[in-house]
*Asks:* 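Take a look at this one; I'll ask things after.
Just so you know, these numbers come straight off a predicted model, no measurement behind them. Throughout, a chain's letter reflects where its sequence line sits, starting with A, and its residues are numbered from 1.
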Amino acid sequence: MAFDAGGAAPLDVGVVPIDRGERVAVATLSAGRAGDVAVLERARIGLDPRLEAPGARIVWQDARAIVPLLLDAGVRLERVRDVRLVHRILVDARGLEREERWAQPLRAEAEGLFSLAPEPEPLDALAAQLAAQEAAIGDDAGLRMLAAAESMGGVLAVELSRQGLPFDRSRHDALLVEALGERPPGAGPAARPRRMEALAAQVRDALGAPTLNPDSPQEVRAALRRAGLDVASTSRWELREHEHPAIAPLIEYKHLARLHTANGWAWAQRWARVDARGRCRLAIEYVPGGVVTGRWATEGSGAMQIARQIRAAVAAEPGMRLVVADAAQLEPRALAAIARDEALADAGRGTDLYQGLVDRGVVDRRELAKVGMLGALYGGTTGQAALVLPRLARAYPRAMAVVEAAARAGERRERVRTWLGRTSPLPPRWRDDERGAQQARAWGRFTRNFVVQGTAAEWALAWMAGVRRAIRDVDGAALVCFLHDEVIVQAPEDRAAEVAEAVRAAAADAGRLLFGRFPIDFPVQTAVVEDWSQAKD
DNA sequence: AATGCACGCCAC
DNA sequence: AAACGTGGCGTGCATT
């Protein structure tokens, strides 16, 4: 198992940074109290034998403050409890007091400067928090597993953020020049790359608006209306409905403008940095549990939305390869497992669940299978999805009943739970009128999706924890990216195939860990490549 | 000048 | 003319 999934830890070891992380206080946590406090210089933390004791669980308040110190000291971190992350789960799941006292900097940080002995208070507080969490979790095996997984997620996020994503700036520059044209000499928003400027001129020409700023939706809409195009917005789907010489260059301009602002030169300048070993990496700050469903977010760099167009700039370093792995149709598979829907699980037996639906005669085209399944997961009611849904409901009544029940529960303002027990928040108030009914249905779509997306996120955590363990002894291999259902490991060329196999095996392990003997496959598509764009999907 | 919101588009 | 879930973020633009 990739993380502690059950049973009481024989030894809980609390760790608290003091003196701004120059030293660390270590204590045994038991029955809500801290005992046998030791204080160690940061470089010598690993010398406390309790941190390496078999089965020991290391407990902290905030991974961001302590995990870097532990990693630098060579502590392995196999069983962990992140009190901050787990608290957030238990507040919703168990009504644990919403208390943010450990969000504050620990008082010992300041007071430690003036006393040789550590303040016992933070470690006692940690012990008390741990005891409260253990009581709240009780014998709920799902919550216990979720707490362990989320806590390991805190470690993974620190490790991933410290690694960064290998990034080749000259390749990035070349991709931008190819798409946008030469970079203008002056910075500033007025200076547009050559192709963008040419498209802007075409738009102005076609609309007879010589001073038009194509970045201003208001100006663009007004100019379009003057040209006789009755548009409510300037979004692409609406523009496409109209026939006019300005439309094509405008849509192309907006496409390039997005690339330029989101993943252009300024973005690379801001987020790419050269580390101590001279490697260029994108600095990505992961936020575990940053999304209500339990998915991760990132802060600042927009790293979860790196445009496909520039993914070739994410490239393996000399002697290395990227092992790019993504879980195939993760959410429908999670749904099949939640619902114990053997028929849907059977359709997913191969590597392509959507094709499985076609092969079993449920729908006649793969594209329809996908649209219909996503409609079921998101609550789609129109178009192609609506046409296919009845057939899915007939073929997979158990799975469809689960998402329908989640939607109805949300409409009734009830909470729903993921497989391991993450709980949806309570909805805002809505009135008892037509507008309120709309809001209720919208909340139902949220709870419908929450169950599936949240369970998929739990599987992904377990998967990634397994990958972490599997590559631990592969010298030079490191997780460098995580995107909901996709991971990238950079590994030495001659060990990449072995890593790819380990990543696939970790997926199967994660499925068994969460869903036991229920026969659901979690196939993972892996590619060993030099750059991210070569991993086709 | 700083702040907050709306728009629009990218990702899964 | 949106719809069908979760987000981040840059830009324009109105408000303070």
*Asks:* Send over the distance from A:Met373 CE to C:dG5 C1', rounded to a whole Å.
*Replies:*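 A:Met373 atom CE is separated from C:dG5 atom C1' by 15 Å.
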
*Asks:* Could you tell me the separation between the CG atom of A:Leu259 and the C1' atom of C:dC9, rounded to a whole number of Å?
*Replies:*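 My rounded result for the distance is 14 Å.
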
*Asks:* Describe the nucleic acid contact of A:Arg311 in one word from base, sugar-phosphate, nothing, applying a heavy-atom distance below 4.0 Å.
*Replies:*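 Counting heavy atoms under 4.0 Å across all strands, the contact made by A:Arg311 is with sugar-phosphate only.
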
*Asks:* When the P atoms of B:dC5 and C:dC4 are considered, how many whole Å apart are they?
*Replies:*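 Looking at atom P only, B:dC5 and C:dC4 are 26 Å apart.
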
*Asks:* Using atom CH2 of A:Trp267 as one end and atom P of C:dG10 as the other, report the distance to the nearest whole Å.
*Replies:*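 These atoms are roughly 11 Å apart.
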
*Asks:* Do the ring planes of A:Phe167 and A:Trp267 sit parallel (below 30°), tilted (30 to 60°) or perpendicular (above 60°)?
*Replies:*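 Aromatic pair A:Phe167/A:Trp267 classed perpendicular.
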
*Asks:* Would you kindly give the CZ-to-C1' distance between A:Phe482 and C:dT6, to the nearest whole Å?
*Replies:*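 It works out to 13 Å between those atoms.
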
*Asks:* Between which nucleotides of DNA chain B, 5' to 3', does chain A make heavy-atom contacts below 4.0 Å?
*Replies:*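 It runs B:dG8 to B:dC12.
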
*Asks:* Which residue lies toward the 5' end of DNA chain C, A:Thr293 or A:Glu299, if each is placed at its nearest nucleotide?
*Replies:*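 Final value for this comparison: A:Thr293.
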
*Asks:* Please determine whether any donor N or O and acceptor N or O are separated by less than 3.5 Å between the side chain of A:Gln218 and the base of C:dG12.
*Replies:*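 Not at all, since no donor on one side and acceptor on the other fall under 3.5 Å apart.
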
*Asks:* How long is the line joining CG of A:Leu374 and P of C:dC4, in whole Å?
*Replies:*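 Roughly 13 Å, once rounded to whole Å.
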
*Asks:* Indicate whether any N or O donor in one side chain lies under 3.5 Å from an N or O acceptor in the other, for A:Trp532 and A:Glu486.
*Replies:*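 Side-chain D/A pair, A:Trp532 to A:Glu486: present.
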
*Asks:* Across the strands shown, which category fits A:Leu483 at heavy-atom distances under 4.0 angstrom: base, sugar-phosphate, nothing?
*Replies:*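 Since only primed, P, OP1 and OP2 atoms lie under 4.0 Å of A:Leu483, the category is sugar-phosphate.
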
*Asks:* Given that both distances must come in under 3.5 Å, which nucleotide forms a Watson-Crick or G-U wobble pair with C:dC4?
*Replies:*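 C:dC4 is paired with nothing.
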
*Asks:* For C:dG7, does either OP1 or OP2 sit under 4.0 Å from a side-chain N or O belonging to A:Thr298?
*Replies:*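 Indeed not, no polar side-chain atom of A:Thr298 lies that close.
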
*Asks:* Given atom CZ of A:Arg270 and atom P of C:dG10, what is their separation to the nearest angstrom?
*Replies:*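 These atoms are roughly 7 Å apart.
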
*Asks:* Tell me if the centroids of the rings in A:Trp419 and A:Phe450 come within less than 6.0 Å of each other.
*Replies:*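 Aromatic pair excluded; centres sit 6.0 Å or further apart.
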
*Asks:* If the threshold is 4.0 Å, N to carboxylate O, is there a salt bridge linking A:Glu367 and A:Arg365?
*Replies:*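 Salt bridge between A:Glu367 and A:Arg365, a charged N being under 4.0 Å from a carboxylate O: no.
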
*Asks:* Think A:Arg445 has a side-chain N or O under 4.0 angstrom from the OP1 or OP2 of C:dG5?
*Replies:*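 So the side chain of A:Arg445 is within the cut-off, an N or O lying under 4.0 Å from OP1 or OP2 of C:dG5.
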
*Asks:* Please tell me if A:Asn449 has a side-chain N or O lying less than 4.0 Å from either OP1 or OP2 of C:dC4.
*Replies:*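 For A:Asn449, the contact criterion (side-chain N or O under 4.0 Å from OP1 or OP2 of C:dC4) is not met.
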
*Asks:* Looking at every strand, decide which applies to A:Val292 at a 4.0 Å heavy-atom threshold: base, sugar-phosphate, or nothing.
*Replies:*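 If one applies the 4.0 Å heavy-atom cut-off, A:Val292 turns out to touch the sugar-phosphate alone, with no base involved.
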
*Asks:* Atom CZ of A:Arg221 to atom P of C:dG12: distance rounded to whole Å?
*Replies:*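 Answer to the nearest Å: 19 Å.
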
*Asks:* Please check: side-chain N/O of A:Arg398 versus main-chain N/O of A:Arg340, any donor-acceptor pairing under 3.5 Å?
*Replies:*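 Pair found, side chain donor or acceptor close to backbone of A:Arg340.
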
*Asks:* Using a heavy-atom cut-off of under 4.0 Å over every strand shown, decide if A:Asp326 touches base, sugar-phosphate, or nothing.
*Replies:*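 Result for A:Asp326 = nothing.
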
*Asks:* Looking only at the side chains, is there a donor atom on one of A:Arg192 and A:Tyr253 sitting less than 3.5 Å from an acceptor on the other?
*Replies:*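 There is such a pair (donor and acceptor under 3.5 Å, judged by atom type) between the side chains of A:Arg192 and A:Tyr253.
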
*Asks:* Calculate the interatomic distance between A:Arg448 atom CZ and C:dC4 atom C1'; express it in whole Å.
*Replies:*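 Atom-to-atom, A:Arg448 to C:dC4, this comes out as 10 Å.
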
*Asks:* Please work out which residues in residues 228-254 of chain A have a non-hydrogen atom less than 4.0 Å from an atom of DNA chain B and list them by number.
*Replies:*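 Those residues are A:Ser233, A:Thr234, A:Ser235, A:Arg236, A:Lys254.
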
*Asks:* Side chains of A:Thr526 and A:Arg504: donor-acceptor distance under 3.5 Å anywhere?
*Replies:*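 Indeed, the side chains of A:Thr526 and A:Arg504 share at least one donor-acceptor pair under 3.5 Å.
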
*Asks:* Using a strict 4.0 Å threshold on nitrogen-to-oxygen distance, state whether A:Glu530 and A:Arg321 make a salt bridge.
*Replies:*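 Salt bridge between A:Glu530 and A:Arg321, a charged N being under 4.0 Å from a carboxylate O: yes.
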
*Asks:* Base, sugar-phosphate alone, or nothing: which one does A:Gly379 contact when heavy atoms must sit under 4.0 Å apart?
*Replies:*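 Sugar-phosphate contact only - A:Gly379 comes under 4.0 Å of backbone atoms but never of a base.
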
*Asks:* Go nucleotide by nucleotide along DNA chain C from the 5' end; which of A:Gly302 and A:Phe446 gets its closest nucleotide reached first?
*Replies:*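 Result: A:Phe446.
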
*Asks:* Which residues pass the side chain to side chain donor-acceptor pair (under 3.5 Å) test with A:Arg240, not counting sequence neighbours?
*Replies:*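 With neighbours one apart ignored, the set is empty.
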
*Asks:* So, A:Asp168 versus A:Ser170: side-chain donor-acceptor pair below 3.5 Å or not?
*Replies:*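 Yes - a donor-acceptor pair under 3.5 Å links their side chains.
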
*Asks:* Is the shortest distance from a Lys or Arg side-chain nitrogen in A:Arg415 or A:Asp92 to a carboxylate oxygen in the other one below 4.0 Å?
*Replies:*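 Salt bridge: yes.
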
*Asks:* According to a strict under-4.0 Å criterion, is A:Thr381 in side-chain N/O contact with OP1 or OP2 of C:dA3?
*Replies:*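 Negative; the distance criterion is not met.
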
*Asks:* By the 4.0 Å heavy-atom rule, please label A:Gly300 as base, sugar-phosphate, or nothing.
*Replies:*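 A:Gly300: backbone/sugar contact only, no base atoms under 4.0 Å.
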
